[in-house]
Amino acid sequence: MADNEIDDSASARQLPGAAIAADSRLALDGGDPIRRTPWPTYDRGAVCVHPEDEAAAMRAIRSHLYFRYDYRAAHETECSQFEAELCRHFRCKHALATSSGTTALALAIMAAGIEPGSLIACPGFTFAATPSAILLAGCTPFLVDIDENLHLDVADLRSRWTPQVKAIMVVHMRGFAGDMTALLRFADEMGVPVFEDAVPALGAELDGRKLGTFGLAGGFSTQSDKALNSGEGGFLLTDDSTLFARATVLSGAYEGRLRRHFPDGEPPIATDLDLPLLSFRMDEIRAALLRAELERLPVRLAAFRRNYDYVAAALADVDGIHIRRPVATGAYLGEAFIFLVPAGRAQWFARALCHEGIEARNLGSDDDHNIRAFWNWRFMFRGMQTPAIKELLPNATRYLQRAVDIPLSSTLSEADCDELVAAVRKVAASDDPIATGEGSSSAWAGQR
């Protein structure tokens, strides 16, 4: 579907006539695949970059001024203007453009004054960058289990709690909001701050409020697969002026350059000499590109939502799959479609979808070193074997082993979505020869 067509909805469309006969041969078994062209993904160039965005980047390149702290007044630089536009869009007080989402998260922790060596709680289902950012900040990730819909389980967090935990890092993983009401209530009870890893959910909302603005600070990425794409990059959002000032110095604002970020008064810290300089800044070229893309962000978000709602509605009646549920109505981005299947079936299911021409992966596959599965974070578990690591978070292990993940680019057409639906229906109606009998209703009920 065209990127500027945003007024139609899943309810307005006719659901695809994608019913596949139960005896149709899977492509995995030599049958005809549903789709023969590559599934659109960011690494194949399926991204929303318009001529206006290219022109903005070229404007910055031709200026020969690539460093945000040059002779110009702060408000004239691409980075400062991008930050001001982010503040307006997210309705927050401060924004800091950074070199990546990982560095944005690390800056938030360090700038908040969390003591090095402290434990920071985070879910066992996240990208490896989340624990990496915690380590980068000099702290230790404290892993928490997840629930059936792959959200951080607040009850498990409570049961594991120790006074050594000094903050909570919630992750809006694969575009789905965490339960911020429950998490903030628990964090307040324990007297610790909440940081938001909104890297996977740029632009998504919960109850009308943008993710990344609930906690003390939120970190975002502008890597190529995100709703804003500069190849690499990120930004930090906060309403805390002291945290912002410290993060700005840490990111690389030296020799009084911090004052450029506080045009209406003095910075709330006495000196910039107490903090190291980590060179986590964004450059002017990326900022110019992102400023242009930000103008069309609502269009991209509408495309994500339209595609997701269409696919989810079309597959809602399929037996044997459990579509991931949000914590509240509409609390998701829509850039990934995740569903659970009975134990022992997900690895085969994802492989069968790939043969049908739909890119899919089993998040907990033994054959895929997916770094969204915590047991593959070997840098955290030196000397431990995989079975022992999996036992640390039994629910995360169980649910990720049953989870099938399909990326949904905002560039998908309606025909692409119809082929996805057809492929899932075709595979769901077939039997996995390796796990014969595990798709029965009794086996499924025991896994819910």
Side-chain angles (χ1 to χ4, degrees), residues 10 15-35 39 125 146-151 173-176 307-326 332 334 336-368 370 372-373 394-408 416-448:
L15 294 182
I20 302 296
D23 59 351
S24 295
R25 278 202 310 162
L26 295 176
L28 184 64
D29 299 326
D32 291 330
I34 295 292
R35 179 188 179 93
W39 186 246
F125 175 46
I146 61 174
D147 63 21
E148 180 185 26
N149 291 301
L150 312 185
H151 307 300
M173 188 57 178
R174 299 301 277 153
F176 273 58
N307 291 334
Y308 184 92
D309 289 350
Y310 183 52
V311 169
L315 293 173
D317 66 337
V318 176
D319 291 334
I321 70 171
H322 167 81
I323 298 173
R324 187 186 187 190
R325 297 191 182 105
Y332 52 87
F337 185 70
I338 299 179
F339 56 90
L340 274 61
V341 298
R345 187 169 165 85
Q347 192 165 307
W348 167 85
F349 204 115
R351 186 167 66 254
L353 284 176
C354 289
H355 279 76
E356 297 296 337
I358 305 299
E359 184 162 310
R361 72 192 311 176
N362 169 209
L363 290 172
S365 171
D366 292 330
D367 294 336
D368 177 4
N370 183 356
R372 294 158 193 83
N395 286 337
T397 298
R398 182 158 56 104
Y399 294 134
L400 293 179
Q401 287 176 333
R402 292 168 45 208
V404 177
D405 178 285
I406 301 172
L408 300 182
D416 293 327
C417 294
D418 287 346
E419 288 173 340
L420 187 162
V421 170
V424 172
R425 285 185 172 276
K426 181 180 180 183
V427 176
S430 303
D431 290 328
D432 174 3
I434 299 176
T436 303
E438 292 196 10
S440 66
S441 58
S442 58
W444 171 250
Q447 297 297 327
R448 294 293 291 273

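Atoms considered below: every heavy atom in the structure, side chains included; atoms not considered: hydrogens, waters and symmetry mates. Every value quoted in this text rests on a predicted model; they were computed, and no experiment measured them. Throughout, numbering of the chain's residues begins at 1 and tracks the sequence.
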### N/O donor-acceptor pair under 3.5 Å between W39 side chain and P407 backbone
yes
### Query
Is there a donor-acceptor pair closer than 3.5 Å between any side-chain N or O of R324 and the backbone N or O of N149?
yes
### Task
Compute whether any side-chain donor of one residue and acceptor of the other, for N362 and Q401, lie under 3.5 angstrom apart.
no
### Message
Is there a side chain to side chain contact (heavy atoms under 4.5 Å, CB included) between I358 and I34? Walk through the geometry before answering.
### Response
CA-CA 8 Å; I358 305 299; I34 295 292; 5.6 Å; no
### Sub-6.0 Å ring centroid separation between F337 and F339
yes
### Query
Do side-chain atoms of K426 reach the backbone of R25 as a donor and acceptor pair under 3.5 angstrom?
yes
### Query
With a 4.5 Å heavy-atom cut-off, do D418 and Y310 have their side chains touching?
yes
### Query
Is it true that a side-chain atom of E359 and a backbone atom of C354 form a donor plus acceptor pair closer than 3.5 Å?
no
### Query
How about F176 and F125: are their ring centres within less than 6.0 Å of each other?
no
### Message
Donor-acceptor check, side chain of N370 to backbone of A373, threshold 3.5 angstrom: yes or no?
### Response
no
### Query
Within a strict 4.5 Å, meaning less than it, do heavy atoms of the L420 and L315 side chains meet?
yes
### Task
Please check if the side chain of H151 supplies one atom and the backbone of P326 the other of a donor-acceptor pair under 3.5 Å.
no
### Query
How close do F349 and V424 get, heavy atom to heavy atom, and via which atoms?
CZ-O, 4.0 Å
### Task
Using atom types as modelled and distance alone, determine if a side-chain donor or acceptor of R425 lies under 3.5 Å from a backbone N or O of A314.
yes
### Nearest heavy-atom neighbours spanning I146 and A396
CG1-CA, 3.6 Å
### Query
About how many Å separate CZ of R402 and CD1 of I338, when rounded to the nearest 0.5 Å?
13.5 Å
### Query
Quick one: are I406 and L353 in side-chain contact, heavy atoms under 4.5 Å?
yes
### Message
For a 4.5 angstrom cut-off between non-hydrogen side-chain atoms, does W348 reach S430?
### Response
yes
### Query
Do other residues, nucleotides or ligands put more than 12 heavy atoms under 6.0 Å from the CG atom of D319?
no
### Query
Atom CG in N307, atom CG in D416: separation rounded to 0.5 Å?
8.5 Å
### Query
In Å, rounded to the nearest 0.5 Å, how long is the span from CG of L340 to CZ of R345?
13.0 Å
### Identified side-chain hydrogen bond (donor to acceptor under 3.5 Å, both in side chains) partner of R361 from the options D368, D367, D405
D368
### Verdict with reasoning, E356 to R35, per salt bridge (Lys or Arg N to Asp or Glu O under 4.0 Å)
CA-CA 6 Å; E356 297 296 337; R35 179 188 179 93; over 6 Å; no
#### Entry: D147 side chain to Y399 side chain, donor-acceptor N/O pair below 3.5 angstrom
no
### Query
Can you name the nearest heavy-atom pair linking A312 to I323, along with the distance?
O-CD1, 3.9 Å
